[in-house]
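We number each residue from 1, following the sequence as shown. None of the values given here were measured: they were computed from a predicted structure.
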Amino acid sequence: MAAVPSQPRLPLPFRPVRASLVELLGRDYVEAVCAGHAWLTGEDVAPLRALAGEPVDFLPASFMSRQLELLDRTGQPSGMGPLPDSPAGASTQRFQEATRIQAAPLTGLGMFRLGEGGRLYLTTKSEHYHVPLGHAFPGYQLIDRARALGIPNATHNNTRGYVTRLLEERLVAAANGLDETQSARPLIESTETDGLNRVLNLETGSLAVEAALKMLLARFYRIQPESDPPRYEGRIPVFLVMGNEDGGLHANYHGTTVLTQVLRGMWEGMFAKLSQAGIFQVRAIRPNRLEDLEAAFAECDAGPTKIAGFFHEIVMMNYGAVLLEPEFLRRAYELCRAHDVPTVVDEIQSCMWSPGFFLFREYGLRPTFAAIGKGFPGGEYPASRILFNARMDNRLPQFGALVTNGQEELAAIAYLVTMRWAAANADVTRAIGDYYESRLREFADAHRGQIAGISGMRHMCGIVFESLEAAGGFVRRMTEMGFDISAQTYKADCPPVVLTKLPLIVTHEVVDYLLGRMEQAI
């Protein structure tokens, strides 16, 4: 089969972004930090001010040139040889069985990882979906400078630092379509908006979604004896989640806490007892099936039961990268509004991979909650957030979603750096993502009989094979060539899909190179 020809490239280089800590965080704050650190240490304040005011080039041309130089070396040995005497670790049996020590990162640069075995890998899955700007992104040097100035990382919920509070306002602005020059204060102070105007800072996506789940349960059950009577006290909460094509629960993935695992069909015996006791129920909606939505609202939102919330991703990366259709989600949100059902969009996977940071904005949705993480801190820190509407603000007591390490100042700087570069390059990354998706669709068309189609969108695309065996074979061949991709072969009921999630810093040249190797693999 002849190779799929590449398309004419658009002249869209990444736009340069340069910023200092003064520009990123504000002069008054940085001046106070420098003066305070100099006072504490007895150092001269002048070098600190100079460091704070020196701009950093977020993605220098030399950095990207080296990426393209390394491209042809993908999969090749570096000449260093395997790392000797590498420890086996002491994890669980399951993790030990799945661990590939030779592919574990020895070091990384941009979209590349040098494994302990000495081979070079192209991280075509952005490691595990969470490194949108690659390894050692130069813009993150501002984190090191902040540390050198003495900006502390460790704070607490009651002493959230300046940078964390600044980020909260920036996230509210972005979630409502404002840029960083526009104040979010009117939105934050409003009690009438249906937008997202509250932020809780948490460590992981699991805890972010768990916080939303707690607030939804608080509409049915008192968290503490002194809590106000819940609006739907006495009724049985029913959670709607995205299910498998056969109506099972296993397709959705909203974290690893016990209750969010129950939402995806784990702890089956315990869940059966909870459901039988009338504590809560879960109902699966097959992807893009409007008839399932209509039936759920007709059957579960009356009498003793009340729909408590609608949980969904937009790209279901843990179920073959199935993309939920805009019409399906818009109808779901219409029904939720009409029935007083809060909506929870889980953007842990998709945030930052949309040109506007949030894929729900592309879809024109107004969720009650949005869980974000992974992409925003760029793999530098575990730092997730739950954004929500102020109407839910009284659902948890002060420590209802307490996380000691969730307010880290340096993690907030990682967010701000990622957002600054991504906002400046939104049009560029959209164009390259569209180019990648179009190349993949041509590739699929050229190999009908082996490939059934393409799922997902832009950088987050899956290749749908006709069989799980074919998908697994393709992954093995691509991995042998040095490409970090995967298929969910451990899920018996998952579509036979090979998953990719390209870093946002890939270029047209990288896309063409990847497609050329896919031709070889198939």
Side-chain angles (χ1 to χ4, degrees), residues 170-180 182 184 186-188 190 192-199 208-209 212 216 240-242 252 254 285-294 296-297 307 309-317 321-373 375-376 385-392 419 422-423 425-431 433-434 437 455-461 504:
R170 294 276 175 83
L171 287 172
V172 168
N176 289 278
L178 306 179
D179 63 38
E180 67 175 42
Q182 297 173 286
L187 281 168
I188 294 168
S190 173
E192 302 299 323
T193 180
D194 61 352
L196 302 172
N197 59 346
R198 293 290 183 273
V199 181
V209 179
L216 297 184
L240 304 186
V241 298
M242 300 313 304
N252 73 87
H254 299 295
I285 307 295
R286 291 173 295 173
N288 299 317
R289 299 293 188 95
L290 289 171
E291 64 269 27
D292 286 14
L293 278 174
E294 303 289 350
F297 277 89
I307 297 177
F310 173 54
F311 286 75
H312 71 95
E313 295 176 283
I314 297 178
V315 182
M316 300 172 65
M317 290 299 288
V322 169
L323 180 69
L324 296 188
E325 297 168 357
E327 296 78 11
F328 170 81
L329 286 176
R330 287 170 191 154
R331 177 55 181 158
Y333 275 56
E334 287 175 3
L335 288 166
C336 287
R337 279 193 299 272
H339 291 260
D340 187 31
V341 174
T343 52
V344 183
V345 58
D346 185 342
E347 288 238 27
I348 298 297
Q349 288 280 10
S350 52
C351 63
M352 289 310 307
W353 268 268
S354 171
F357 306 158
F358 307 99
L359 194 50
F360 72 78
R361 287 196 53 78
E362 284 194 56
Y363 271 55
L365 303 176
R366 305 280 288 185
T368 316
F369 298 88
I372 64 171
F376 273 98
R385 307 285 188 261
I386 187 74
L387 282 59
F388 58 102
N389 183 268
R391 291 191 300 273
M392 294 290 170
M419 292 166 69
N425 284 281
D427 293 343
V428 182
T429 53
R430 180 191 295 273
D434 287 341
E437 183 180 340
S455 59
M457 65 186 301
R458 300 197 194 103
H459 296 74
M460 301 173 59
C461 275
L504 295 176

### Task
List the atom of Pro342, the atom of Met392, and the distance in Å for their closest heavy-atom pair.
CG-CE, 3.3 Å
### Task
Find the distance between CZ (Arg289) and CD (Glu294) and round it off to the nearest 0.5 Å.
14.5 Å
### Message
Tell me the closest heavy-atom pair linking Gly309 and Leu216, and the distance in Å.
### Response
CA-CD1, 3.9 Å
### Task
Quick one: which residue pairs count as a salt bridge (charged side-chain N to carboxylate O under 4.0 Å, His left out) with a foot in residues 354-370, not counting sequence neighbours?
Asp194-Arg366, Glu362-Arg430, Glu362-Arg458
### Query
At what distance, to the nearest 0.5 angstrom, does SG of Cys461 lie from CG of Leu323?
9.0 Å
### Query
How would you list, by chain and number, every residue that makes a ring pair (Phe, Tyr, Trp, His ring centres under 6.0 Å) with His254, sequence neighbours excluded?
Phe311
### Task
Carefully, step by step, assess Val315 and Leu359 under the rule side chain to side chain contact (heavy atoms under 4.5 Å, CB included).
CA-CA 9 Å; Val315 182; Leu359 194 50; 3.9 Å; yes
### Query
Excluding sequence neighbours, so at least two apart, what forms side chain to side chain donor-acceptor pair (under 3.5 Å) with Glu180?
Arg420
### Over all atoms of both residues, closest heavy-atom pair of Ala426 and Pro355
CB-O, 3.4 Å
### Query
Taking C-beta and beyond as the side chain, do Leu171 and Ile372 meet within less than 4.5 Å on heavy atoms?
yes
### Residue pair Gly373 / Cys351: nearest heavy atoms and the distance that separates them
O-SG, 2.9 Å
### Task
Tell me, please, which residues at least two apart from Phe358 pass ring pair (Phe, Tyr, Trp, His ring centres under 6.0 Å).
Phe360, Phe376
### Task
Look at the aromatic rings of His339 and Phe297 and report parallel, tilted or perpendicular, splitting at 30° and 60°.
tilted
### Task
Say whether, by atom type as modelled, one donor and one acceptor occur between the side chain of Asn288 and the main chain of Phe328 under 3.5 angstrom.
no
### Criterion side chain to side chain contact (heavy atoms under 4.5 Å, CB included) on Leu329 and Ile314, from CA distance to verdict
CA-CA 9 Å; Leu329 286 176; Ile314 297 178; 4.1 Å; yes
### Message
How close do Leu387 and Leu196 get, counting heavy atoms only, and between which atoms?
### Response
O-CD2, 3.8 Å
#### Entry: Qualifying residues under side chain to side chain donor-acceptor pair (under 3.5 Å), relative to Thr429, sequence neighbours excluded
none
### Residues that Asp340 engages under side chain to side chain contact (heavy atoms under 4.5 Å, CB included), provided they are two or more places apart
Arg219, Arg231, Tyr232, Lys306
### Task
Please confirm whether the backbone N or O of Thr368 pairs with a side-chain atom of Thr343, one donor and one acceptor, at under 3.5 Å?
yes
### Message
Just so I know, are the side chains of Val241 and Ile285 near enough to count as touching, which here means a heavy-atom distance under 4.5 Å?
### Response
no
### Task
Could you tell me which residues satisfy side chain to side chain donor-acceptor pair (under 3.5 Å) with Gln349, sequence neighbours excluded, listed by chain and number?
Lys501
### Message
Test of understanding: with ring pair (Phe, Tyr, Trp, His ring centres under 6.0 Å), list the residues that count as partners of Tyr363, not counting sequence neighbours.
### Response
none
### Query
Are the side chains of Met460 and Ser350 in touch, meaning some heavy atoms are under 4.5 Å apart?
yes
### Message
Test side chain to side chain contact (heavy atoms under 4.5 Å, CB included) on Asp434 and Met457; report intermediate values, then the result.
### Response
CA-CA 8 Å; Asp434 287 341; Met457 65 186 301; over 6 Å; no
### Message
For Ala212, give me all partners under side chain to side chain contact (heavy atoms under 4.5 Å, CB included), at least two apart in sequence or on another chain.
### Response
Val344, Phe369, Ile386
## Note on the structure
Interatomic distance, CG@Leu187 vs CD@Glu192, rounded to 0.5 Å, equals 12.5 Å
### Query
How far does CG of Asp346 sit from CE of Met317, to the nearest 0.5 angstrom?
12.5 Å
### Query
Are side-chain heavy atoms of Val345 and Leu365 found at a separation under 4.5 Å?
no
### Query
Side chains of Met316 and Leu324: does their closest heavy-atom pair fall under 4.5 Å?
yes
#### Entry: Exercise: identify the closest heavy-atom pair between Met419 and Phe357
O-CZ, 3.5 Å
#### Entry: Non-neighbouring partners of Arg286 that pass salt bridge (charged side-chain N to carboxylate O under 4.0 Å, His left out), sequence neighbours left out
Glu291, Asp292
### Residues forming a side chain to side chain donor-acceptor pair (under 3.5 Å) with Glu334, sequence neighbours excluded
Arg331
### Query
Does Ser455 reach the main-chain N or O of Val322 with its side chain, forming a donor-acceptor pair under 3.5 Å?
no
### Set of residues satisfying ring pair (Phe, Tyr, Trp, His ring centres under 6.0 Å) with respect to Tyr333, sequence neighbours excluded
His312
### Query
Ignoring hydrogens and geometry, is there a side-chain-to-backbone donor-acceptor pair from Asn176 to Leu178 under 3.5 Å?
no
